[in-house]
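First up is the structure itself, then whatever we jot down about it.
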Amino acid sequence: MPLVKPPRLLLLGAPGSGKGTQTTKLLLQFPKINSLSSGDILRNQINSGTSIGLEASKYIKNGKLVPDTTMVRLITKQLHEMDWLDKKAAWLLDGFPRTSNQAVALDNTLHTNNSNINMVVELDVDQKVILERIEARWVHVPSGRVYNLDYNPPRVPFKDDITGEPLSKREDDTAEVFQKRLDQYNKEIGSLKDFYNNKDVLYKVSGSTSDVIFPKLSNLILQNFGV
Ligand code: ATP
Ligand code: MG
């Protein structure tokens, strides 16, 4: 079914809850939607050795958030470059905004262009389940594609399915740093949800695997933006 209204989506969810995996599946089903992952952008900045990458890596490897001003500047620039402020553009954000300061800054930018976020979906996955599977996660940094050696292994071990390039382990996917990222998420998520709940755009889908969550998420999008 085609979409008749442009979705401008934000996926919320704990680290490891499957935002990247859901994004990959959504882009396949809805080719008109474009996506942006703040974590992927930062990892690519780190790999290219830019000054933002150098600054960000200090925070990321300790499981801390990159400062709001840096994030807002980086993402706003991308939004302009990709023409996302056009109110006909259909898009999906993963990982930004993640503090209420970021949410207010983004809302101001989008509001000026009448292109506010029109759906925020919280991926609700039991944090015990997330902790069990995180050590098996490998990523293809240039594209952000995510694999899990147990549930969703690459066709060729440790190689990306599409490009054949090597997969890598995120340096913040260790048990210790991961717990810090979860704590950080739990600290920020309440105020972020309040912010979007007040705008009447907040939804939640629950499940412990991406295969359970995806049909629920896809239906939600079709119900709100389909014919
Ligand atoms: P996952 O990728 O498993 O969903 P995550 O949400 O913790 O987990 P990313 O979104 O990839 O991971 O972010 C990785 C790190 O990059 C964060 O721990 C943080 O240091 C930094 N980061 C990403 N987005 C932001 C943001 N909007 N504000 C501040 N820091 C950010
Ligand atoms: Mg991610």
Side-chain angles (χ1 to χ4, degrees), residues 2-13 18-57 59-60 65-123 139-146 160 162-163 165 170 192 195-196 199 201 203 217-218 220-222 224-226:
L3 300 176
V4 291
K5 282 188 290 174
R8 293 184 292 271
L9 309 168
L10 168 62
L11 290 186
L12 295 179
K19 291 167 301 217
T21 304
Q22 297 300 330
T23 301
T24 305
K25 288 171 178 275
L26 284 176
L27 300 192
L28 274 175
Q29 183 177 356
F30 304 110
K32 290 229 170 79
I33 300 182
N34 294 296
S35 75
L36 187 71
S37 152
S38 56
D40 289 349
I41 292 179
L42 291 171
R43 280 183 285 280
N44 280 308
Q45 296 272 343
I46 292 172
N47 271 9
S48 324
T50 65
S51 57
I52 291 180
L54 277 175
E55 185 201 355
S57 83
Y59 296 94
I60 295 181
L65 292 182
V66 176
D68 287 337
T69 40
T70 308
M71 288 311 300
V72 169
R73 214 178 296 143
L74 180 66
I75 302 293
T76 311
K77 185 164 165 269
Q78 297 271 341
L79 297 179
H80 278 106
E81 279 171 9
M82 300 189 308
D83 269 342
W84 278 24
L85 299 180
D86 179 334
K87 59 178 186 293
K88 290 197 219 87
W91 46 254
L92 182 164
L93 286 167
D94 155 7
F96 181 92
R98 2 147 138 18
T99 64
S100 19
N101 281 341
Q102 292 177 13
V104 170
L106 177 66
D107 195 65
N108 288 338
T109 305
L110 296 176
H111 185 73
T112 316
N113 295 276
N114 258 322
S115 59
N116 275 346
I117 290 183
N118 48 21
M119 179 181 275
V120 177
V121 187
E122 179 194 5
L123 307 182
V139 292
H140 177 242
V141 171
S143 69
R145 278 185 285 278
V146 184
D160 177 46
I162 312 277
T163 62
E165 291 167 350
R170 278 171 53 168
L192 213 50
F195 182 85
Y196 289 111
K199 298 183 179 298
V201 292
Y203 297 80
L217 178 60
S218 157
L220 205 57
I221 293 174
L222 284 170
N224 282 272
F225 304 100

Is the backbone N or O of [Y] less than 3.5 Å from a side-chain atom of [X], with the two atoms forming a donor-acceptor pair by type?
| X | Y | value |
| --- | --- | --- |
| T112 | N108 | yes |
| D83 | D86 | no |
| Q45 | I41 | no |
| K88 | P6 | no |
| R145 | I162 | no |

Would you mind reporting whether [Y] and [X] have side-chain heavy atoms less than 4.5 Å apart?
| X | Y | answer |
| --- | --- | --- |
| L12 | V120 | yes |
| L9 | W91 | no |
| L36 | L92 | no |
| L222 | L3 | yes |

*Could you give the distance from CD1 (I33) to CZ (R8), rounded to the nearest 0.5 Å?*
11.5 Å
_For the OH atom of Y203 and the CE atom of M119, what is their distance to the nearest 0.5 Å?_
4.5 Å
How far apart are the closest heavy atoms of [X] and [Y], and which atoms are they?
| X | Y | value |
| --- | --- | --- |
| N44 | S48 | O-OG, 2.7 Å |
| D160 | T163 | OD2-OG1, 2.8 Å |
| Y59 | L65 | CD2-O, 3.4 Å |
| G53 | I46 | O-CG1, 3.4 Å |

*Residues V4, F225; criterion side-chain contact (heavy atoms from CB on, under 4.5 Å); working and verdict*: CA-CA 6 Å; V4 291; F225 304 100; over 6 Å; no
*For a side-chain contact (heavy atoms from CB on, under 4.5 Å) with L10, tell me which candidate from N118, I117, L192 qualifies.*
I117
*Taking only residues two or more places apart in sequence, or in another chain, which ones meet N101 in a side-chain contact (heavy atoms from CB on, under 4.5 Å)?*
D68, T99
*Kindly indicate, with the supporting measurements, whether the criterion side-chain contact (heavy atoms from CB on, under 4.5 Å) is fulfilled by L42 and M71.*
CA-CA 9 Å; L42 291 171; M71 288 311 300; 3.9 Å; yes
*Please step through side-chain contact (heavy atoms from CB on, under 4.5 Å) for the pair V66 and I60, ending with a clear verdict.*
CA-CA 7 Å; V66 176; I60 295 181; 4.3 Å; yes
Under 3.5 Å, which donor-acceptor pairs link side chains of residues 73-80 to any protein atom two or more places apart or in another chain?
unit_1 : atom_1 : unit_2 : atom_2 : d
T76    : OG1    : V72    : O      : 2.4
H80    : ND1    : T76    : O      : 3.1

*Criterion side-chain contact (heavy atoms from CB on, under 4.5 Å) on N34 and M82, from CA distance to verdict*: CA-CA 9 Å; N34 294 296; M82 300 189 308; over 6 Å; no
_Taking salt bridge (Lys or Arg N to Asp or Glu O under 4.0 Å) as the cut-off, I'd like each qualifying pair that reaches into residues 38-51, sequence neighbours left out, listed once._
D40-R43
